[in-house]
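Quick notes on the structure that follows.
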Amino acid sequence: LQPLDDPSAPWTTLAELQAASGGRPIIVNLWATWCPPCRAEMPVLERAQRDHPQVLIMLVNQGEPEGLVRGFLARERLQLQQLWLDPTSALGRTLGSSALPTTVVFDAQGRRIKTHVGALTEASLNLMVRSVQAP
């Protein structure tokens, strides 16, 4: 995996991603520009990143080149953080994703607690965030 904003800093394992989260829960969204439900949920994910900084929300593009992803973001005027490229879709295979979008939720200890296949709504994403927040 490579962060779109710093291609020189690849992460290769879930353990490394968890270490990079600073102990926060992680929500990983696997997506692609050719996927209509993925495109539809992007504004929801953009708002969630802004509104829920206590959770690391990562958007991991599956199998597309950087230029295509950057072009999509510019056309859609999306201001996404934690945007990653997975050129070989290795993370998708590791997480058992069989369709896009797939969203996987990890608690602060790195335990996988939920997988959601299909587009997220604001309500469903807010439930995911609440499920990993400390009481």
Side-chain angles (χ1 to χ4, degrees):
L1 297 178
Q2 290 186 312
L4 192 60
D5 60 347
D6 184 4
S8 68
W11 299 95
T12 57
T13 68
L14 289 174
E16 287 177 306
L17 295 175
Q18 185 63 35
S21 77
R24 293 181 288 170
I26 301 174
I27 296 176
V28 177
N29 179 265
L30 305 174
W31 69 284
T33 63
W34 52 261
C35 165
C38 299
R39 292 192 309 264
E41 71 183 3
M42 285 293 141
V44 170
L45 290 159
E46 180 181 43
R47 279 190 300 280
Q49 284 183 327
R50 181 186 62 242
D51 294 346
H52 302 289
Q54 71 279 16
V55 177
L56 178 62
I57 301 174
M58 298 178 61
L59 292 90
V60 184
N61 180 274
Q62 296 296 283
E64 296 183 301
E66 181 179 344
L68 183 70
V69 173
R70 285 190 186 279
F72 167 77
L73 297 172
R75 280 190 307 280
E76 299 299 317
R77 297 185 178 155
L78 292 166
Q79 299 294 315
L80 298 166
Q81 306 299 313
Q82 291 297 326
L83 188 61
W84 296 66
L85 300 175
D86 183 6
T88 63
S89 301
L91 184 59
R93 286 189 301 281
T94 299
L95 295 177
S97 172
S98 60
L100 295 178
T102 294
T103 305
V104 182
V105 182
F106 297 90
D107 67 13
Q109 290 72 44
R111 294 180 298 237
R112 183 179 184 155
I113 60 169
K114 181 173 181 60
T115 299
H116 175 87
V117 178
L120 295 168
T121 64
E122 194 156 349
S124 63
L125 185 54
N126 284 335
L127 282 172
M128 285 179 184
V129 168
R130 280 196 297 261
S131 75
V132 293
Q133 288 180 322

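Below, all heavy atoms of this structure are taken into account, side chains as well, without hydrogens, waters or symmetry copies. In this chain, numbering begins with 1 at the start of the sequence shown. No experiment lies behind these values; they were computed from the predicted model shown.
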Heavy-atom side-chain proximity of [X] to [Y] below 4.5 angstrom:
X: Asn29; Y: Ile57; value: no
X: Leu125; Y: Ile27; value: yes
X: Leu73; Y: Leu83; value: yes
X: Gln49; Y: Gln82; value: yes
X: Val132; Y: Gln54; value: no
X: Phe106; Y: Ile113; value: no
X: Phe72; Y: Glu64; value: no
X: Thr102; Y: Leu95; value: no

- Task: May I have the step-by-step check of side-chain contact (heavy atoms from CB on, under 4.5 Å) for His116 and Val105, ending in yes or no?
- Result: CA-CA 9 Å; His116 175 87; Val105 182; over 6 Å; no

Once you round to the nearest 0.5 Å, how far does [atom1] of [X] lie from [atom2] of [Y]?
X: Gln81; Y: Leu45; atom1: CD; atom2: CG; value: 12.5 Å
X: Asp51; Y: Asn126; atom1: CG; atom2: CG; value: 8.0 Å
X: Leu91; Y: Met58; atom1: CG; atom2: CE; value: 7.5 Å
X: Ile26; Y: Arg112; atom1: CD1; atom2: CZ; value: 12.5 Å

- More than 12 heavy atoms from other groups under 6.0 Å of CD on Glu46: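 Yes - once you tally the heavy atoms of other residues, nucleotides and ligands closer than 6.0 Å, there are more than 12.
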
- Query: When you look at CD of Gln79, are more than 12 heavy atoms from neighbouring residues, nucleotides or ligands closer to it than 6.0 Å?
  - Reply: no

- Residues in side-chain contact (heavy atoms from CB on, under 4.5 Å) contact with Arg24, at least two apart in sequence or another chain: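 So Arg24 forms a side-chain contact (heavy atoms from CB on, under 4.5 Å) with Leu56.
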
If every non-hydrogen atom of [X] is compared with every non-hydrogen atom of [Y], which pair is closest and at what distance?
X: Ala108; Y: Gly23; answer: CB-O, 3.2 Å
X: Pro43; Y: Arg39; answer: CD-O, 3.7 Å
X: Leu100; Y: Cys35; answer: O-SG, 3.6 Å
X: Glu41; Y: Leu120; answer: OE1-N, 2.8 Å
X: Ala119; Y: Pro101; answer: N-CG, 3.7 Å
X: Leu85; Y: Val69; answer: CD2-CG2, 3.8 Å

- Using a strict cut-off of less than 4.0 Å between a Lys/Arg side-chain nitrogen and an Asp/Glu carboxylate oxygen, indicate whether Glu122 and Arg47 qualify as a salt bridge.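 Yes, charged N to carboxylate O under 4.0 Å.
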
- Task: Determine whether Trp34 and Leu30 fall in the same hydrophobic cluster, where Ile, Leu, Val, Met, Phe, Trp and Tyr are linked whenever their side-chain heavy atoms lie under 4.5 Å apart.
- Result: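 Yes; Leu30 is reachable from Trp34 via cluster members.
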
- Going through the distances and angles, do Trp31 and Asn61 end up as a side-chain contact (heavy atoms from CB on, under 4.5 Å)? CA-CA 5 Å; Trp31 69 284; Asn61 180 274; 3.7 Å; yes

